[in-house]
Amino acid sequence: MERFAVPAPTLARRMLGWRLVSEAGGGRTSGRVIETEAYLGPDDPASHAATRAGRTRRNASMFEGGGTAYLYFTYGMHWCFNVAAGAPGEPGAVLVRALEPLEGREVMVDRRGRSRDLVSGPARLCQAMGLDGTHDGHRLDGPPLWMEAGDAPDEGQVGVSGRVGIRRAERWPLRYFIEGHPDLSDGKAAPADPRTLPPELRWIHRPNRSVRRSASTTESA
DNA sequence: GTCCGGATATTCT
DNA sequence: GAATATCCGGACC
C-alpha cells in the first residue's frame, strides 16, 4: 500500500496503466486505468475536501490515507470511484475516469444494458464493475476491490488537461490520460494552464518529476 | 455528428 | 434554493 502514499497528482499520473480488479456483486471484472484526475485538500477549490467544515461524513475516506477507496454519490443517481492519496490525515484523492476493459466484458454489458461505453466515464465504470457506497472506505489491497501494477505508458503517451465537469480551478493541470486511447471518457476538458496554479502548487506541472527520485520500477525513462 | 433537457440525492449557501 | 468530480435519449444538422 506504500505505492499510494504520495500526493494526489503524483498518484494520478502513476496509476495510468495499473489494473483495477473488482469482484463486487459477483463476477470478476477488471480494466486498465487510462484516465485519472487528482483532487487535493483545502487548497483545491474543486475538491470535496475544500469545504469549510473540512472532514465530513461524505469525504471522510479522503482523509484515511493512500489506498482507501472513496466513493461518492452525485447527481442523484451516479457513483464515482476515487483512490485516496497521501498520508492519513492529509486529504487527497484520485478520481478514476476511464478504463480499458480487460476481464468480465459480459458482466459489464449485462450491468450497463449496452455494449459500448462500458467503462468510459467515472459513473459508467462504477456501474459496470458493481461499485457503490458499500465500498466506500475499503482498503484496496484485496477482494472485493483492489489494484495491480501494470504496463506504464511511455512518457510521450501521457496527456495532461484541466479537469472535467468543474467550474473552479478548471485549468489546473490535474487530468492525466493515455493520449489517443479509444476508450477515454467523452467529457470536455479545458486545456491545462499551469500558470493558474498558486505558487505553492507549481510543482504539479510535472508530477512525475517528484516521483522519480523515490520511485522504483513502474516509471519509464 | 452536436445540443439540450431531465432525472434525482446530498451538500453547501 | 442552487450547485453538482454525470449520463442518457431525443431533436436537429
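Protein chains get the first letters and strands the later ones, always in sequence-line order, with residue 1 at the start of each.
Taking atom CE of residue A:Met77 and atom P of nucleotide C:dA5, one finds them 15 Å apart after rounding to whole Å. We find that CG of A:Leu118 is positioned 13 Å from P of C:dC7, with the value rounded to whole Å. Remark: P of B:dT8 and OH of A:Tyr75 are 16 Å apart, rounded to the nearest angstrom. Distance NE2 (A:His78) to P (C:dT6): 9 Å, rounded to an integer number of Å. Rounded to whole Å, atom P of C:dA3 lies 16 Å from atom CZ of A:Arg58. Note: NZ (A:Lys188) to P (B:dG1) measures 12 Å, nearest angstrom. Remark: P of B:dT11 and CG of A:Asn59 are 9 Å apart, rounded to the nearest angstrom. The nearest whole Å value for the distance from the CG atom in A:Leu71 to the P atom in B:dT11 is 14 Å.
Consecutive pairing runs in DNA chain C reach the stem threshold at B:1-7 with C:6-12, B:9-12 with C:1-4, where a stem means at least three Watson-Crick or G-U wobble pairs with distances under 3.5 Å.
To the nearest whole angstrom, the two C1' atoms, one in C:dA5 and one in B:dC3, are 22 Å apart. Spacing between B:dG6 and C:dA2 at atom P, rounded to whole Å, works out to 15 Å.
Look at A:Arg57 and you won't find any side-chain N or O under 4.0 angstrom from OP1 or OP2 of B:dT11. Within the 4.0 Å cut-off from OP1 or OP2 of C:dC8, at least one side-chain nitrogen or oxygen of A:Arg112 is found. At the phosphate of B:dT11, neither OP1 nor OP2 sits under 4.0 Å from any side-chain N or O atom of A:His48. Side-chain N/O atoms of A:Arg114 include one lying less than 4.0 angstrom from OP1 or OP2 on C:dG9.
No more than 12 heavy atoms of other residues, nucleotides or ligands shown are found within 6.0 angstrom of CG on A:Asp151. For A:Glu2, the CD atom counts as loosely surrounded, since its 6.0 Å shell holds 12 or fewer non-hydrogen atoms of other residues, nucleotides or ligands.
Shortest non-hydrogen contact noted between A:Arg3 and A:Met147 is NH2-O, 2.7 Å. When every heavy atom of A:Ala8 is checked against every heavy atom of A:Leu40, the shortest pair comes out as CB-CD2, 4.2 Å.
Judged by distance alone, the side chain of A:Ser22 and the main-chain N or O of A:Thr29 form no donor-acceptor pair under 3.5 Å. Without hydrogens or angle criteria, A:Ser47 side chain to A:Tyr39 main chain gives no donor-acceptor distance under 3.5 Å.
Taking only side-chain atoms of A:Tyr70, from C-beta outward, the nucleotide of C:dT6, C:dA5, C:dC8 with the closest atom is C:dA5. For A:Ala123, whose side chain is taken as the heavy atoms from C-beta onward, the closest listed nucleotide among B:dA9, C:dC7, C:dA5 is C:dC7.
The residue A:Arg175 sits apart from the nucleic acid: no heavy atom pair falls under 4.0 Å. Residue-level contact check: A:Leu95 touches the bases, meaning some heavy atom is under 4.0 Å from a base atom. Among the heavy atoms of the strands, none lies under 4.0 Å from A:Asp117. A:Tyr39 comes within 4.0 angstrom of a base, heavy atoms only. At a threshold of 4.0 angstrom between heavy atoms, the contacts of A:Ala46 include nucleobase atoms, whether or not backbone atoms are also involved.
Between the side chain of A:Tyr72 and the base of C:dA5 there is at least one donor-acceptor pair of N/O atoms closer than 3.5 Å.
Projected onto DNA chain C by closest heavy-atom contact, A:Arg168 and A:Ser120 fall at different nucleotides, the more 5' of which corresponds to A:Arg168.
Between A:Glu35 and the options A:Arg124, A:Arg175, A:Arg163, a salt bridge (charged side-chain N to carboxylate O under 4.0 Å, His left out) holds for only A:Arg175.
Under 3.5 Å, the side chains of A:Gln127 and A:Arg112 contain a donor-acceptor pair of N or O atoms.
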